[in-house]
Amino acid sequence: METRLADVGADDACNIPLSNLDVSEAKRFQDNRIWSCFERLRREDPVHYCQDSPYGPYWSLTKYRDILAVDANHKVFSSERGVTIIDVPDEHWTQSFIKIGPPKHREQRDTVSPIVAPENLTKLEGLIRCRVRTILDGLPRNDAFNWVDMVSIELTTQMLATLFDFPFEDRRLLTYWSDIGATIPKKGHAVDSWDKRSKILFECLDYFTRLWNERINAEPRLDLISMMAHSPATRHMDPMEFLGNLILLIVGGNDTTRNSITGGLLFMNRFPSELRKLRNNPKLVSSAVSEIIRYQTPIAHMRRNAVVDTIVGGKRIRQGDKVVMWYISGNRDEEVIENASSFVIDRKNVRQHLSFGFGIHRCVGRHLAELQLRILWEEMLNAGLEVKVVGEPERIASNFVHGYSVLPVRIAA
């Protein structure tokens, strides 16, 4: 049976007065109850002002064209006060190139971008394919296991270790630091304070500082630490800016791919006709990858602040106002994407999604993410691997990273 995921988990809270609707509650994302709220906003108030939320007042953009217009206009909508809905306390603030504008942004971005340039991706393809085969060959047969841990995390963490030339035996530290970097402290959770979060991230900084000191005294090579250590644009970063760029690269290199790997398998199980379509025509893999990334939208939102008074969707946004671009909603906008709430791997204009952002902050590693997903599905098809989801996924409690902690699956021998 095929399921429109937008029909799952309707939220009665969406029936409250529109002025009181706050879509930022992380529990809604964890319980998969977000869809009806975003549908309502797209229909009734696409540029919506929330006066009272745990993150202060903010504007929600929920339609594709409004999001695109804001994302592509860095002169009016700035990322310098942060890219997530939360306002990080000053004493825990870390700078990074996604939080600055030209020319420094371009100089630092250009420092790391060669590692995901087409010629280097060509070199990485064979390594990724070998690793995918090894991971798939090592999976249990006839026993249930967690796809997130054994495939999604393992493949992306191996790739991160390669990009940083990070000690391979310690690679799961990268996963840990990625999770902490994307965490908002909350009472009752493992990370319950900003101080605790910073303490863990300083351990990350200490580890990478040792690597930096080794690389800066060696000949330049093609890994992210060496590239930053030897570039005039980044070699004089203070420790907090170094940490900020590390977390940006770790989270960016991990979450998009990791959660799309999990989401893709879930969607193929929920929409079996699409999986049959892919098996009958493996040339659809690249198209399927784009649809997976759209349908998952692994980064649910990005935030900007208005630099000047401006108009979006007929609403006046004041200088300094917080503007949240809900990519996860824009990717379900029926005005732009036909039948947007269904998973369709051969849809027209399949790459027309918001998941990587637009403008100067468009995801630098998007082609590497697509490459890993493409190779995984090619190898699964080549091996005739039938992976069945055997339980409900467990999602993480975050309004920023739209992801999973558990997806129980079984492979028939």
Side-chain angles (χ1 to χ4, degrees), residues 71 79 83 96-100 102 104-132 152-166 168 171 174-175 177-178 181-182 208 211-212 215 220-231 233-235 237 242 244-261 285-286 289-290 292-294 296 298-299 302 327 351 353-378 401:
D71 214 1
S79 65
V83 296
S96 65
F97 65 80
I98 200 173
K99 300 174 188 173
I100 53 179
K104 188 176 179 181
H105 165 267
R106 172 54 61 183
E107 293 166 353
Q108 292 197 351
R109 182 181 170 104
D110 286 351
T111 293
V112 298
S113 59
I115 205 164
V116 288
E119 59 270 22
N120 198 50
L121 294 183
T122 299
K123 296 176 185 176
L124 289 172
E125 181 164 353
L127 175 64
I128 297 170
R129 196 171 297 279
C130 180
R131 287 176 173 173
V132 166
S152 305
I153 290 177
E154 187 57 30
L155 178 59
T156 53
T157 302
Q158 288 187 21
M159 192 70 256
L160 272 179
T162 298
L163 297 179
F164 283 110
D165 194 11
F166 190 87
F168 209 66
R171 64 189 181 276
L174 296 170
T175 307
W177 291 328
S178 176
F208 272 99
L211 298 182
W212 175 286
R215 310 284 163 84
R221 56 182 195 255
L222 193 64
D223 69 76
L224 288 168
I225 302 303
S226 182
M227 293 161 78
M228 287 192 287
H230 289 276
S231 167
T234 49
R235 67 180 303 165
M237 293 183 293
F242 181 38
N245 278 321
L246 285 173
I247 297 304
L248 171 62
L249 293 168
I250 292 170
V251 172
N254 174 56
D255 282 309
T256 298
T257 313
R258 163 179 159 183
N259 291 306
S260 294
I261 287 173
V285 166
S286 292
V289 165
S290 291
I292 287 167
I293 293 169
R294 177 193 74 89
Q296 178 59 33
I299 299 299
M302 277 283 171
Y327 293 161
R351 297 182 64 83
H353 61 74
L354 295 166
S355 299
F356 293 130
F358 284 90
I360 65 170
H361 296 297
R362 187 164 170 80
C363 177
V364 70
R366 60 192 182 277
H367 298 307
L368 177 58
E370 291 171 334
L371 178 64
Q372 291 178 84
L373 283 159
R374 175 173 64 79
I375 291 173
L376 175 64
W377 279 100
E378 285 175 350
V401 175

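Nothing here was measured: the structure is a model prediction, and the numbers come from that model. Index from 1, following the sequence.
Electrostatic pairing of R129 and E125 counts as a salt bridge here, judged by a charged N lying under 4.0 Å from a carboxylate O.
How far CZ of R258 is from CD1 of I153: 4.0 Å, rounded to the nearest 0.5 Å. Between the OG atom in S178 and the CG atom in L160 there is a gap of 7.0 Å [rounded to 0.5 Å]. Rounding to the nearest 0.5 Å gives a distance of 11.0 Å between CG of L373 and CD of E378. Here the straight-line distance linking atom CG of N120 with atom OG of S113 works out to 11.0 Å at 0.5 Å rounding. The OG atom of S260 sits 11.5 Å away from the CG atom of L376 when rounded to the nearest 0.5 Å. Atom CG of L371 and atom CZ of R366 lie 14.0 Å apart (nearest 0.5 Å).
Residues F97 and T111 are not in side-chain contact: their nearest non-hydrogen atoms beyond the backbone lie 4.5 Å or more apart. By the 4.5 Å heavy-atom criterion applied to side chains, L174 and N254 are not counted as neighbours. At least one side-chain heavy atom of I128 sits less than 4.5 Å from a side-chain heavy atom of L368. At a threshold of 4.5 Å between non-hydrogen side-chain atoms, the residues D255 and P298 do not count as touching. At a threshold of 4.5 Å between non-hydrogen side-chain atoms, the residues M228 and L249 count as touching. Side-chain contact between I98 and M302: present, with at least one pair of heavy atoms (C-beta onward) separated by less than 4.5 Å. Within the 4.5 Å cutoff, no side-chain heavy atoms of L246 are placed close to those of L224.
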Verdict with reasoning, L211 to F166, per side-chain contact (heavy atoms from CB on, under 4.5 Å): CA-CA 8 Å; L211 298 182; F166 190 87; 3.8 Å; yes

Check against side-chain contact (heavy atoms from CB on, under 4.5 Å), K99 and L248: CA-CA 10 Å; K99 300 174 188 173; L248 171 62; over 6 Å; no

Steps toward side-chain contact (heavy atoms from CB on, under 4.5 Å) verdict (H361, V83): CA-CA 10 Å; H361 296 297; V83 296; over 6 Å; no

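Of all the heavy atoms in W212 and T234, the pair that sits closest is CH2-O, 3.6 Å. The two residues S290 and E370 come nearest to each other via the heavy atoms OG-OE2, 4.3 Å. Closest of all the heavy-atom pairs between S152 and I261 is OG-CG2, 3.1 Å. Summarising the geometry of R109 relative to V364, their closest heavy-atom pair is NH2-CA, 3.7 Å, with the distance given to 0.1 Å. The nearest pair of heavy atoms linking H367 to L121 is CB-CD1, 3.6 Å. Among all heavy-atom pairs drawn from D165 and R215, the shortest one is O-NH2, 2.7 Å.
Without hydrogens or angle criteria, R131 side chain to Q158 main chain gives a donor-acceptor distance under 3.5 Å. Using a distance-only test at 3.5 Å, with no hydrogens or angles considered, no donor-acceptor pair links the side chain of T156 to the main chain of T257. Counting only distance, with no hydrogens or angles, the side chain of T157 and the backbone of R171 share no donor-acceptor pair below 3.5 Å. Remark: the backbone N or O of F358 is paired with a side-chain donor or acceptor of D71 at under 3.5 angstrom.
Within 6.0 Å of atom CZ in R351, 12 or fewer heavy atoms from other residues, nucleotides or ligands are found, so the atom counts as exposed in its surroundings.
Aromatic ring pairs are classed by plane angle as parallel below 30°, tilted from 30° to 60° and perpendicular above 60°; the pair W177 and F208 is tilted.
For F356 and Y327, the ring centers sit 6.0 Å or farther from each other.
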